[in-house]
**Student:** 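Once you've had a glance at the structure underneath, I'll fire off some questions.
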Amino acid sequence: MPELPEVETSRRGIAPHIVGETLLYAVVRHPQLRWPVSEEITQLSDEPVISLERRAKYLLLGLRHGWIIIHLGMSGRLRILSEEKAPEKHDHVDLVFSNGKILRYTDPRRFGAWLWETDLTQSRVLRHLGPEPLSDTFNAAWLMQKSATKKIAVKPWIMDNKLVVGVGNIYASESLFQAGIHPDRTASGLTQQESERLVTSIKTVLQRSIEQGGTTLRDFLQSDGKPGYFAQQLNVYGRAGEPCLQCGTLIISGRHAQRSTFWCPHCQH
DNA sequence: ATCCGAACCTGACGGC
DNA sequence: TGCCGTCAGGTTCGGA
């Protein structure tokens with residue numbers, strides 16, 4: 001479900017309800033997610049919530065002595081309940097707060113994760129991540145340097161977390177369209193100018209999607225239950241057989257690394 | 001080192 | 001109605 005804009009949208013929606021409140025306790029109904037839910041989380045009680053941050057597609061809930069690291073996987077979702085409500089089949093984790101609010105985690109496919117970490121720099125899942133896409137350290141020079149030896153197609157390459165984090169399957173296709181770059185292009189073959197266009201496109205596509213509350217394709221909802229509105233601005237993703245909004249040529253779909261890719265054969269070279 | 005495919009899991013949908 | 005194959009917004013792991 002979630003790429004970076006959807007995770008950031010969730011963070012912004014949830015933070016005002018829980019930061020500064022006290023976490024009373026956690027309820028873990030189904031600990032078998034991607035990895036077992038960390039035992040420490042089950043044992044937390046009366047913990048002030050200091051912060052709710054984001055790194056890549058991970059949410060980081062800051063407590064006094066450590067962090068709850070949350071990943072939504074493919075189908076995870078977080079929402080705030082104002083009062084107790086009977087859990088349904090895929091409601092695996094609740095955090096209950098002093099103001100009566102409940103943060104409820106729902107994840108049918110259970111590819112998500114709830115991990116405890118006292119030192120984020122030691123985290124197995126965070127340690128090897130590349131730069132944030134919206135930071136200055138992700139720039140054309142970095143892209144060219146990292147791509148120099150890479151024969152991989154550019155589409156799966158920009159989804160590699162060691163190059164840049166947060167670019168998932170939707171925004172990879174959208175960014176390449178905006179940059180006018182064909183998804184099959186070899187990473188090492190990008191010119192300086194193309195690298196600059198690609199970096200700029202990734203940043204603007206993600207930034208615009210955050211401003212729209214993310215992309216709702218089937219089930220993504222913001223923490224208040226509203227959908228994200230960026231789907232209306234998708235140029236290629238999910239539009240195979242439909243006309244390109246720029247030139248009218250029919251949009252093509254294919255696959256890279258077992259993920260579907262969409263592009264315009266006329267606008268992208 | 002690099003790259004690709006399989007794996008984790010459930011649900012929705014289309015075809016027969 | 002039911003069964004089967006395919007697809008789905010992510011990430012890690014193992015083998016070539």
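Throughout, a chain's letter reflects where its sequence line sits, starting with A, and its residues are numbered from 1.
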**Student:** For A:Val49, does its backbone N or O pair with a side-chain atom of A:Glu21 as donor and acceptor, under 3.5 Å?
**Tutor:**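 Not a single qualifying donor-acceptor pair exists.
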**Student:** Mind calculating the distance between CG (A:Leu217) and C1' (B:dA12) to the nearest angstrom?
**Tutor:**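 These atoms are roughly 14 Å apart.
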**Student:** Considering only the P atoms, how many Å lie between B:dA7 and C:dG5, rounded to the nearest integer?
**Tutor:** 15 Å
**Student:** What is the distance from CG of A:Asp160 to P of C:dT12, rounded to the nearest Å?
**Tutor:**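 One finds 10 Å between P of C:dT12 and CG of A:Asp160, rounded.
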**Student:** Can you tell me how far P of B:dC4 sits from CZ of A:Arg259, to the nearest Å?
**Tutor:** 15 Å
**Student:** Ignoring hydrogens and angles, does a donor from either the side chain of A:Arg110 or the base of B:dT10 sit under 3.5 Å from an acceptor on the other?
**Tutor:**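 Result: no qualifying N/O pair found.
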**Student:** Examine the side chains of A:Glu196 and A:Gln192 and answer whether a donor and an acceptor come within less than 3.5 Å of each other.
**Tutor:**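 Yes, because at least one side-chain N or O of A:Glu196 sits under 3.5 Å from a partner of the opposite role on A:Gln192.
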**Student:** So, is A:Lys89 near the phosphate of B:dT10, with a side-chain N or O under 4.0 Å from OP1 or OP2?
**Tutor:** no
**Student:** A quick test of your reading: do over 12 heavy atoms of other residues, nucleotides or ligands sit less than 6.0 Å from CD of A:Glu83?
**Tutor:**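 Open.
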**Student:** Starting from the 5' end of DNA chain B, give me the residue, A:Ala257 or A:Pro108, whose nearest nucleotide shows up first.
**Tutor:** A:Ala257
**Student:** Answer yes or no: side-chain N or O of A:Arg109 and base N or O of B:dC9 forming a donor-acceptor pair under 3.5 Å.
**Tutor:**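 Side chain to base: pair present.
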**Student:** Would one find a side-chain N or O of A:Lys150 under 4.0 angstrom from OP1 or OP2 of B:dT2?
**Tutor:**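 So the side-chain polar atoms of A:Lys150 do come within 4.0 Å of the phosphate oxygens OP1 or OP2 of B:dT2, strictly under.
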**Student:** Figure out the CE/C1' separation between A:Met159 and C:dT11, and round it to whole Å.
**Tutor:** 10 Å
**Student:** Does A:His90 have a side-chain nitrogen or oxygen under 4.0 Å from the phosphate oxygens OP1 or OP2 of B:dT10?
**Tutor:** no
**Student:** So, is A:Thr149 near the phosphate of B:dT2, with a side-chain N or O under 4.0 Å from OP1 or OP2?
**Tutor:** yes
**Student:** Cation over ring, A:Arg124 on A:Trp35, under 6.0 Å and within 45°?
**Tutor:**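 That pair qualifies as a cation-pi contact.
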**Student:** So what stems show up for DNA chain C if we need 3 or more Watson-Crick or G-U pairs in a row, all under 3.5 Å?
**Tutor:**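 Looking at DNA chain C, the stems formed by three or more consecutive pairs are B:2-8 with C:10-16, B:10-16 with C:2-8.
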**Student:** Calculate the interatomic distance between A:Ile170 atom CD1 and C:dG10 atom P; express it in whole Å.
**Tutor:**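 From A:Ile170 CD1 to C:dG10 P: 7 Å.
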**Student:** Specify the separation, in whole Å, of atom CG of A:Leu126 and atom C1' of C:dT11.
**Tutor:** 13 Å
**Student:** To the nearest Å, give me how far apart CD (A:Gln258) and C1' (B:dC8) are.
**Tutor:**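 Those two atoms, CD and C1', are 13 Å apart.
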**Student:** Counting only side-chain nitrogens and oxygens, does A:Lys57 get under 4.0 Å of the OP1 or OP2 atom of C:dG10?
**Tutor:** yes
**Student:** Does one side chain, of A:Asn169 or A:Lys155, offer a donor that lies under 3.5 Å from an acceptor on the other?
**Tutor:**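 A donor-acceptor contact under 3.5 Å links the two side chains.
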**Student:** Considering just the side-chain nitrogens and oxygens of A:Arg255, establish if one lies under 4.0 Å of OP1 or OP2 belonging to C:dA8.
**Tutor:**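 So the side-chain polar atoms of A:Arg255 do come within 4.0 Å of the phosphate oxygens OP1 or OP2 of C:dA8, strictly under.
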**Student:** Take atom CG of A:Asp107 and atom C1' of C:dA8, then tell me their distance rounded to the nearest Å.
**Tutor:**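 Between C1' of C:dA8 and CG of A:Asp107: 13 Å.
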**Student:** Taking OP1 and OP2 of C:dA8, is either one under 4.0 Å from a side-chain nitrogen or oxygen of A:Ser260?
**Tutor:** yes
**Student:** Just checking, any donor-acceptor pair under 3.5 angstrom between side chains of A:Tyr171 and A:Thr215?
**Tutor:**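 Yes.
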**Student:** Find which nucleotide of DNA chain C each of A:Arg124 and A:Phe111 is nearest to by heavy atoms, and output the residue with the more 5' nucleotide.
**Tutor:**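 With A:Arg124 and A:Phe111 compared, the 5'-side residue is A:Phe111.
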**Student:** Taking A:Phe177 as the starting point, is it possible to reach A:Leu250 by hopping between hydrophobic residues whose side chains are less than 4.5 Å apart?
**Tutor:**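 Result: no, two separate clusters.
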**Student:** Would you compute the distance between atom CD of A:Glu117 and atom CH2 of A:Trp67 and round it to the nearest 0.5 angstrom?
**Tutor:** 11.5 Å
**Student:** Considering only side-chain heavy atoms of A:Asn161, which listed nucleotide, B:dC3, C:dA8, C:dT11, is closest?
**Tutor:**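 Output: C:dT11.
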**Student:** For the P atoms, the ones on C:dC7 and on B:dG5, what distance do you get once it is rounded to whole angstrom?
**Tutor:** 14 Å
